[in-house]
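Encoded as structure tokens, the structure appears first; notes follow it.
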Amino acid sequence: QATATDQLVGFGLVAFSLVLFVYYTLWIIVLPFIDSDHGIHQYFLPREYAVIIPVAAGLLLLLFIGVFIMFVMWKSRKHTKKSD
């Protein structure tokens, strides 16, 4: 059974993901069809960042996963040496 705090954190994560998805979708799909001199363009980063940010986030995710796996394997190997 989820506590109220768990539900609040879950709702916050879902809300953040929804806002991020809507922002990115507007940025990539809708914005190219709006004139470049329109005022809405001031709320979005340049288009180059639409590729750079997800690639950097993906690389950071892979780095953290690799570090986590390395740490777990190192910790596991260290624990088995003590038992021998």
Side-chain angles (χ1 to χ4, degrees):
Q1 203 61 312
T3 65
T5 304
D6 293 339
Q7 290 178 348
L8 186 62
V9 169
F11 178 75
L13 288 173
V14 169
F16 176 74
S17 298
L18 181 64
V19 167
L20 190 64
F21 176 76
V22 169
Y23 179 84
Y24 192 78
T25 301
L26 288 174
W27 185 22
I28 299 305
I29 297 175
V30 176
L31 211 58
F33 297 106
I34 299 175
D35 291 334
S36 60
D37 59 345
H38 195 275
I40 197 161
H41 283 275
Q42 68 183 356
Y43 298 110
F44 295 91
L45 293 172
R47 301 248 357 197
E48 298 84 32
Y49 291 107
V51 174
I52 294 171
I53 291 173
V55 168
L59 289 175
L60 276 173
L61 179 66
L62 287 175
L63 174 71
F64 287 135
I65 290 172
V67 167
F68 175 75
I69 290 173
M70 182 185 69
F71 179 74
V72 169
M73 289 178 65
W74 179 69
K75 193 98 165 164
S76 174
R77 191 183 80 200
K78 190 176 179 182
H79 181 64
T80 57
K81 279 187 175 181
K82 287 183 178 180
S83 64
D84 287 344

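Note that the structure is predicted; figures quoted are calculated from it, not measured.
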Of all residues at least two apart in sequence or in a different chain, which pass the side chain to side chain contact (heavy atoms under 4.5 Å, CB included) check with [X]?
X     : result
Glu48 : Pro46, Ile52
Phe71 : Trp74, Lys75
Leu61 : Ile65
Val55 : Val51, Leu59

What donor-acceptor contacts under 3.5 angstrom involve side-chain atoms of residues 32-39, with partners at least two apart or in another chain?
| from | atom 1 | to | atom 2 | distance (Å) |
| --- | --- | --- | --- | --- |
| His38 | ND1 | Ile40 | N | 3.2 |

Nearest non-hydrogen partners of Arg47 and Ile28, listed with the distance: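 That closest heavy-atom pairing would be NH2-O, 3.8 Å.
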
Neighbour count above 12 (heavy atom, 6.0 Å) for Gln42 CD: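 Counting other residues, nucleotides and ligands, CD of Gln42 exceeds 12 neighbours.
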
Sequence-distant partners of Asp6, side-chain hydrogen bond (donor to acceptor under 3.5 Å, both in side chains), two or more places apart: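 Result, side-chain hydrogen bond (donor to acceptor under 3.5 Å, both in side chains) vs Asp6: Thr3.
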
Atom pairs and distances, side-chain donor-acceptor, residues 16-27, under 3.5 Å, sequence neighbours left out:
| from | atom 1 | to | atom 2 | distance (Å) |
| --- | --- | --- | --- | --- |
| Ser17 | OG | Leu13 | O | 2.9 |
| Tyr23 | OH | Tyr43 | O | 3.1 |
| Tyr24 | OH | Ala50 | O | 2.8 |
| Thr25 | OG1 | Phe21 | O | 2.7 |
| Trp27 | NE1 | Leu45 | O | 2.9 |

Side-chain hydrophobic cluster, 4.5 Å single linkage: members besides Leu8: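 Via sub-4.5 Å side-chain contacts, Leu8 links to none.
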
